[in-house]
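Let me begin by presenting the structure, written as structure tokens, before commenting on it.
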Amino acid sequence: VQLVESGGGLVQAGGSLRLSCVATGRSLSNLPTGWFRQAPGKEREFVAAISGRDDSTLYADSVKGRFTISRDCAQNTVYLQMNSLNPEDTADYYCAAKIARTWYGRSALYRGAHEYDYWGQGTQVTVSS
């Protein structure tokens with residue numbers, strides 16, 4: 001599985017961006033997928049996750065109500081819609097996918113970076129004040 005993120009850029013505080021994570025080599029339709037971010041000098045942190053079975057979602061408290069993760073199976077893409085951006089959202093954003101072989105595994109939501117098997121190269125988001 002290869003994951004390629006896009007959609008990052010420079011935006012003013014209060015603005016919006018939509019990140020895309022396109023997969024090649026395997027369908028994302030039943031793979032738990034997540035978004036993480038890493039700001040300069042900080043550890044990578046969980047942002048959002050979507051399950052591989054029923055598209056249930058999970059968000060970090062810092063982005064809840066502002067970010068939305070979604071999946072388009074036809075495009076083999078997972079999106080992260082980011083609204084009401086603030087400078088604290090500035091980071092490199094990464095998508096990740098987990099190979100889950102059981103019904104339970106596909107249904108679960110994963111917050112830990114170590115739980116994912118494949119990663120994209122990242123896309124940079126900069127929010128100016």
Side-chain angles (χ1 to χ4, degrees):
V1 179
Q2 288 189 315
L3 304 175
V4 179
E5 302 97 333
S6 63
L10 174 64
V11 64
Q12 288 189 330
S16 299
L17 285 173
R18 187 177 77 160
L19 306 184
S20 301
C21 173
V22 179
T24 57
R26 181 161 181 156
S27 171
L28 273 182
S29 63
N30 62 351
L31 296 186
T33 306
W35 284 95
F36 291 76
R37 66 187 182 186
Q38 187 166 18
K42 295 188 176 181
E43 293 187 353
R44 189 169 297 191
E45 66 172 354
F46 169 77
V47 175
I50 188 166
S51 80
R53 188 182 68 84
D54 59 3
D55 284 356
S56 56
T57 57
L58 177 70
Y59 297 93
D61 288 344
S62 59
V63 306
K64 200 174 296 182
R66 301 188 297 123
F67 290 12
T68 303
I69 187 171
S70 62
R71 187 198 308 275
D72 184 334
C73 295
Q75 300 296 323
N76 210 26
T77 300
V78 170
Y79 298 101
L80 185 68
Q81 176 67 43
M82 307 187 296
N83 298 328
S84 302
L85 286 161
N86 58 63
E88 289 70 37
D89 296 316
T90 295
D92 292 327
Y93 283 72
Y94 301 87
C95 71
K98 177 179 178 64
I99 302 299
R101 305 186 188 281
T102 67
W103 180 91
Y104 178 82
R106 289 191 294 272
S107 303
L109 293 159
Y110 301 90
R111 300 179 66 101
H114 68 281
E115 299 181 282
Y116 290 87
D117 300 297
Y118 298 97
W119 291 82
Q121 84 292 344
T123 186
Q124 188 174 57
V125 172
T126 303
V127 184
S128 63
S129 57

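Given the structure is predicted, the values throughout are model-derived calculations rather than measurements. Note: hydrogens, waters and symmetry copies are ignored here, and every other heavy atom, side chains too, is used.
Val63 and Ile50 end up in the same hydrophobic cluster when Ile, Leu, Val, Met, Phe, Trp and Tyr side chains are linked at under 4.5 Å. Follow the hydrophobic side-chain contacts under 4.5 Å out from Val1 and you reach Leu80 in the same cluster. By the criterion of side-chain heavy atoms lying less than 4.5 angstrom apart, applied directly or through intervening Ile, Leu, Val, Met, Phe, Trp or Tyr residues, Val125 is grouped together with Ile69 in one hydrophobic cluster.
At least one side-chain heavy atom of Thr33 sits less than 4.5 Å from a side-chain heavy atom of Arg71. By the 4.5 Å heavy-atom criterion applied to side chains, Ser56 and Leu109 are counted as neighbours.
With a 4.5 Å cut-off between side-chain heavy atoms of Ile, Leu, Val, Met, Phe, Trp and Tyr, the cluster of Tyr104 takes in Trp103.
Checked by atom type and distance alone, the side chain of Asp72 never pairs as donor or acceptor with a backbone atom of Thr77 at under 3.5 Å.
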Verdict with reasoning, Asn76 to Ser29, per side chain to side chain contact (heavy atoms under 4.5 Å, CB included) = CA-CA 7 Å; Asn76 210 26; Ser29 63; 5.6 Å; no
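The shortest non-hydrogen separation linking Ser51 to Ser107 is CB-O, 3.5 Å. In this structure, Thr90 and Ala39 approach most closely via the heavy-atom pair O-CB, 3.6 Å. When every heavy atom of Phe67 is checked against every heavy atom of Val47, the shortest pair comes out as CD2-CG1, 3.7 Å. Pairing each heavy atom of Ala100 with each of Pro32, the nearest pair is CB-CD, 3.9 Å. The two residues Leu28 and Ala97 have their closest heavy-atom pair at CD2-CB, 4.0 Å. Between Glu5 and Tyr94, the closest heavy-atom pair is OE2-CA, 3.3 Å.
Glu45 CD: more than 12 foreign heavy atoms inside a 6.0 Å radius.
Among residue pairs with one or both ends in residues 25-118, those qualifying as disulfide bond (SG atoms under 2.5 Å apart) are Cys21-Cys95; sequence neighbours excluded. Sorted by first and then second residue, the disulfide bond (SG atoms under 2.5 Å apart) pairs with a member in residues 39-69 form an empty list; sequence neighbours excluded. Applying the ring pair (Phe, Tyr, Trp, His ring centres under 6.0 Å) test to residues at least two apart or on different chains, the pairs with a partner in residues 108-129 are Phe36-Tyr116, Phe36-Trp119.
Rounding to the nearest 0.5 angstrom, the gap separating the OG1 atom in Thr68 from the CZ atom in Arg66 is 11.0 Å. Atom CZ of residue Phe46 and atom OH of residue Tyr59 lie 9.0 Å apart, to the nearest 0.5 angstrom. Interatomic distance, Arg106 CZ to Ile99 CD1, rounded to the nearest 0.5 Å: 11.0 Å. Here Asp92 contributes atom CG and Arg44 contributes atom CZ; the two are 8.5 Å apart, rounded to the nearest 0.5 Å.
Scanning for side-chain hydrogen bond (donor to acceptor under 3.5 Å, both in side chains) contacts around Asp61 gives Lys64, with sequence neighbours left out.
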Validation: residues 10-20 side-chain donor-acceptor distances under 3.5 Å, sequence neighbours left out:
residue, atom, partner, partner atom, Å
Ser16, OG, Asn83, OD1, 2.9

